[in-house]
Amino acid sequence: ELKVEQNPLFLSMQEGKNYTIYCNYSTTSDRLYWYRQDPGKSLESLFVLLSNGAVKQEGRLMASLDTKARLSTLHITAAVHDLSATYFCAVDRASGTYKYIFGTGTRLKVLA
Amino acid sequence: DAGITQSPRHKVTETGTPVTLRCHQTENHRYMYWYRQDPGHGLRLIHYSYGVKDTDKGEVSDGYSVSRSKTEDFLLTLESATSSQTSVYFCAISESGGRSYSYEQYFGPGTRLTVT
């Protein structure tokens with residue numbers, strides 16, 4: 001059974017600091033996705049990682065994928081308050097099924 | 001923004017009544033999904049569709065059924081609503097085209113369902 005684990009589940013950090021969110025998954029998958037959700041809102045796609053070694057960056061966020069380690073990271077550089085949200089990773093259950101398993105999310109709070 | 005709407009956006013219903021939620025897309029995407037979101041569980045897949053009249057179960061499909069008679073509409077039915085089905089329901093769509101076969105998902109605004 002495919003499992004997707006994120007850690008930490010909650011993260012409170014000061015503005016200007018760096019931190020990393022981890023997403024581990026239990027079976028082989030070549031596609032990993034990161035989403036952001038603001039309170040009471042829907043999910044917004046952040047990154048799509050399609051191969052081993054893929055790295056994507058958008059502003060203060062950078063995501064990477066290591067398929068051999070079954071690990072993706074979401075790195076936050078010099079956090080700002082606007083990054084406060086819940087971040088989810090999701091993995092394609094198995095090749096060809098297009099069924100996704102989501103992690104439980106990391107709630108990030110950036111303190112001024 | 002991807003053209004996805006959900007209706008109703010909020011609903012309160014009584015235990016034992018049937019409920020149908022609608023997802024409508026204007027993107028002509030092949031894949032459509034229904035998820036539920038509950039605290040501590042993230043998003044869990046209920047059912048998904050890979051084409052008109054082609055559907056499959058997700059990880060929490062008991063008590064739910066779906067139908068897709070047109071590309072643009074995906075209906076989720078709670079056959080006899082229970083309090084455990086109180087949740088926020090999200091519809092999503094994806095397609096292989098666009099970003100190099102990424103199958104990136106786009107989410108609707110959500111439906112908040114309360115079963116009393």
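Model, not experiment: these values are computed from the prediction. In what follows, chains carry the letters A, B, and so on, assigned in the order in which the sequence lines appear, proteins first and then strands, with residues in each chain numbered from 1.
Among B:H41, B:Q37, B:R44, B:R112, the residue with the largest count of heavy-atom pairs under 4.5 Å with chain A is B:Q37.
B:V66 and B:L75 sit in two unconnected hydrophobic clusters of ILVMFWY residues. Membership requires side-chain heavy atoms under 4.5 Å apart, directly or through other members. Note on B:F107 and B:V88: same hydrophobic cluster, where clusters join Ile, Leu, Val, Met, Phe, Trp and Tyr whose side-chain heavy atoms are under 4.5 Å apart, directly or indirectly.
Among residue pairs with one or both ends in residues 55-66 of chain A, those qualifying as side-chain hydrogen bond (donor to acceptor under 3.5 Å, both in side chains) are A:S64-A:T73; sequence neighbours excluded. For residues 4-22 of chain A, the side-chain hydrogen bond (donor to acceptor under 3.5 Å, both in side chains) pairs, not counting sequence neighbours, are A:Q6-A:T106, A:T20-A:H75.
Considering every non-hydrogen atom in both B:E104 and A:Y35, the closest pair reads C-OH, 4.4 Å. Taking all atoms of both residues into account, the shortest heavy-atom contact from A:S42 to B:G108 is OG-O, 2.5 Å.
Side-chain contact between A:Y100 and B:Y48 is absent, with no heavy atoms from C-beta onward closer than 4.5 Å. Between A:Y33 and B:Q105, the closest side-chain pair of non-hydrogen atoms is not below 4.5 Å.
No more than 12 heavy atoms of other residues, nucleotides or ligands lie within 6.0 Å of CE in A:M62, so this atom counts as exposed by the packing criterion.
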